[in-house]
Amino acid sequence: MKSSSDVLIIGAGLSGLAAATFLKHKQPDISLLVIEKEEQPGGAVRSHLEEGYLAEGGPHGFLDNCLESRVLIHEAGLANEVEKAPLSEFVRYICLDGKLNLIPQSPGKIIKAPLMSWPAKFRVMADLWKKPLPDEPTVAQWIEHRFGKAMLPFADAVFTGTYAGDIERLKIEGVMPGLRKLELEHGSVLRGGIAKMLAARKEKKDKKRKGLPAMTSFRTGMARLPQAMAAKLIPNQEIMYRTAARSVEQTGNGWLVRTGQLELHARHLIIALPVNRCLELLVGAGLPEPPMQSIPEAKLATVAMGFAADKAKVPFGFGYLAPEQEQRFALGTLFSSHMFPGRAPEGHLLVETLVGGRRHPERLELPDEEIVARAYEDIKQLMELPEPPVFSRVLRPKWGIPQMEEGYPALLAWRNQLHEMLDSLHICGFGWQGIGINDMHKEAWKVAKRILSGQQDGGGAEIKSVYF
């Protein structure tokens, strides 16, 4: 069986569905097809509802400060289903010396907080005269060089919460290219940040600021977003499940993708897959070989635990993270039913504890019962949980989190080289230029704009919408 379309998208995760949504939003008559090897959309996004507890097996939300994500929410028809937890109201904690420490919400309060010694705080200012490190430093090397060794636990917590990664291996160019660019352009992150702030004021951009953003999810969980975007494609038969791409091949007028039974032709090909799955398809496809055939991944298990609200005393806020120096079983815990009411039955609380990550993959080999027991023993040392959970479930990942380690910047350069060579091939997805939901939505818009700019009536397409 053969099929032909303007655009073929491999992957119905957030990236592929976002690209499809943007294309249909800007050019409704464009013909496209999305193929997905699983039987449902969403990729790594998985919401789990059981016994009245709503937990997430993947990402727990995204910040509402991204225009591309706001457009997608509107186009998916989910504006009335959004739930928000403002950063200005919900505090966060870091585990230091075996106890939870509140992280203040403003720079002034952070400076006054007893989280670091005063000499360590003054050491941060040395960034103003520290020369940039050459080559590709790790996050740990970069943080210690610019801001001092005392900042490492805080950086560790940040990248544990974001990548489940190891700051001794993650590359600063891969995980924070914006900060690295500021450093290289201005010789200092602080100096670059000040220059950027002054430029924004000069252009009066600061008038558009609305304070701190909010963590965003949906009443029925994060899976609602890909489900709603995919539903828009079903009436016109623009999405096919249980259909896996086995090979891709460039043709005279586009691309040929072969599945088990189908030959799918398209003028434009979007590979919206996680980095390693994308590389599996492209290696041997007659294109320049990538500098590496795979990158490391980190897997996380989410341990959802329910407690009676009249006995458990869970601090108010988003949750906490624990740097590696604390030597704890759990990487951190989200206070889910504080953030989004309705995540637990009446009279109960839900917390979601994260286990595993880049440093401790062996913990995912433990049986569920032991993971739950050890997670409970860990977190009850940090908060009042006098009785074991009345509900528990271990959500084990099917996919890992791509790690931006040695060689990742070269891999991005290789992708950019392909884009320059071929205006009909578009690569985005989990791990390409970030792993956050907003990162993926931004990359999906770039891909859609690239395609639309090549269409007869699509030149100069902008993300601006009459709705925003």
Side-chain angles (χ1 to χ4, degrees), residues 46-61 85 90-102 157 160-161 164 215 217 220-223 298-357 359-398:
R46 288 287 183 268
S47 301
H48 182 88
L49 178 62
E50 181 180 355
E51 299 287 347
Y53 292 93
L54 177 59
E56 300 288 357
H60 288 74
F90 287 80
V91 295
R92 289 162 287 182
Y93 302 86
I94 183 171
C95 179
L96 293 174
D97 299 323
K99 63 180 182 180
L100 297 186
N101 294 264
L102 176 68
T160 292
M215 183 65 72
S217 186
T220 54
M222 280 301 304
K299 287 191 174 182
L300 274 178
T302 299
V303 187
M305 291 182 279
F307 296 93
D310 61 344
K311 297 179 180 178
K313 305 300 180 185
V314 177
F316 181 78
F318 281 113
Y320 77 88
L321 291 165
E324 180 67 9
Q325 70 176 29
E326 293 294 305
Q327 296 295 297
R328 307 196 71 86
F329 180 74
L331 302 179
T333 297
L334 294 160
F335 306 154
S336 305
S337 52
H338 284 343
M339 288 191 290
F340 305 119
R343 297 288 165 118
E346 186 175 353
H348 293 80
L349 300 171
L350 172 68
V351 300
E352 294 176 78
T353 297
L354 308 177
V355 173
R359 293 185 176 111
H360 299 290
E362 75 284 353
R363 292 175 182 170
L364 301 187
E365 302 300 319
L366 300 172
D368 286 4
E369 299 78 18
E370 184 173 351
I371 290 179
V372 171
R374 292 184 65 177
Y376 169 62
E377 287 299 319
D378 189 330
I379 67 174
K380 82 171 187 177
Q381 298 171 20
L382 302 173
M383 60 190 87
E384 277 190 65
L385 301 173
E387 295 183 358
V390 297
F391 166 85
S392 64
R393 181 67 61 219
V394 178
L395 304 178
R396 294 180 177 271
K398 188 172 183 179

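- Side chains of Thr302 and Arg46: no donor on one and acceptor on the other come within 3.5 Å.
- No side-chain donor-acceptor contact under 3.5 Å links Ser217 to the backbone of Gly61.
- Smallest separation of non-hydrogen atoms from Arg328 and Ala322: CD-CB, 4.1 Å.
- Distance alone, capped at 3.5 Å, is enough to place a donor-acceptor pair between the Gln381 side chain and the Glu377 backbone.
- Side-chain contact between Leu54 and Leu49 is present, with at least one heavy-atom pair separated by less than 4.5 Å.
- Put simply, CZ on Arg363 and CZ on Phe329 are 6.0 Å apart, with the number rounded to the nearest 0.5 Å.
- Put simply, the side chain of Glu352 never gets that close to the backbone of Ser336: no donor and acceptor are under 3.5 Å apart.
- Crowding of Glu346 atom CD: a count of heavy atoms from other residues, nucleotides or ligands under 6.0 Å not exceeding 12.
- When all heavy atoms are compared, the tightest approach of Phe318 to Met339 is CD2-SD, 2.9 Å.
- The distance from the CD atom of Glu365 to the NE2 atom of His360 is 14.5 Å, given to the nearest 0.5 Å.
- Classification of the Tyr53-His348 ring pair by plane angle, with boundaries at 30° and 60°, yields perpendicular.
- Of the possible polar contacts, one joining the Glu326 side chain to the Gly98 backbone as a donor-acceptor pair under 3.5 Å is found.
- Looking at heavy atoms from C-beta onward, Pro367 lies out of side-chain contact with Val394 at the 4.5 angstrom threshold.
- Taking SG of Cys95 as the start and CG of Asn101 as the end, the distance is 7.5 Å to the nearest 0.5 Å.
- The closest donor-acceptor contact from the side chain of Ser337 to the backbone of Leu349 lies at 3.5 Å or more, if one exists at all.
- Side-chain contact between Leu331 and Arg359 is absent, with no heavy atoms from C-beta onward closer than 4.5 Å.
- Of all non-hydrogen atoms in Gly356 and Leu364, the two that sit nearest each other are CA-CD2, 4.2 Å.
- Shortest non-hydrogen contact noted between Tyr320 and Ala330 is OH-CB, 4.4 Å.
- Residues Pro389 and Val372 come closest through the heavy atom pair CG-CG1, 4.5 Å.
- The side-chain heavy atoms of Leu96 and Gln325, taken from C-beta on, include a pair separated by under 4.5 Å.
- Contact check for Arg374 versus Leu366: side-chain heavy atoms found under the 4.5 Å cut-off.
- Under the 3.5 Å distance criterion, the side-chain polar atoms of His60 are left unmatched by any main-chain donor or acceptor of Leu334.
- With contacts defined as side-chain heavy-atom distances shorter than 4.5 Å, the pair Thr333/Val303 does not qualify.
- Residues Met383 and Phe335 meet the side-chain proximity criterion, which asks for heavy atoms closer than 4.5 Å.
- Atom CG of Leu395 is separated from atom CG of Leu354 by 10.5 Å, given to the nearest 0.5 angstrom.
- For Leu382 against Leu100, the heavy-atom pair with the smallest separation is O-CD1, 3.8 Å.
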Pair Tyr376-Met305, side-chain contact (heavy atoms from CB on, under 4.5 Å): steps then yes or no: CA-CA 8 Å; Tyr376 169 62; Met305 291 182 279; 4.1 Å; yes
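- The main-chain N or O of Met222 is found under 3.5 Å from a side-chain atom of Glu56 such that the two form a donor-acceptor pair.
- With rounding to the nearest 0.5 Å, the separation of CD in Glu51 from OG in Ser392 is 11.0 Å.
- Residues Leu385 and Phe307 have side chains in contact (heavy-atom distance under 4.5 Å, counting atoms from C-beta outward).
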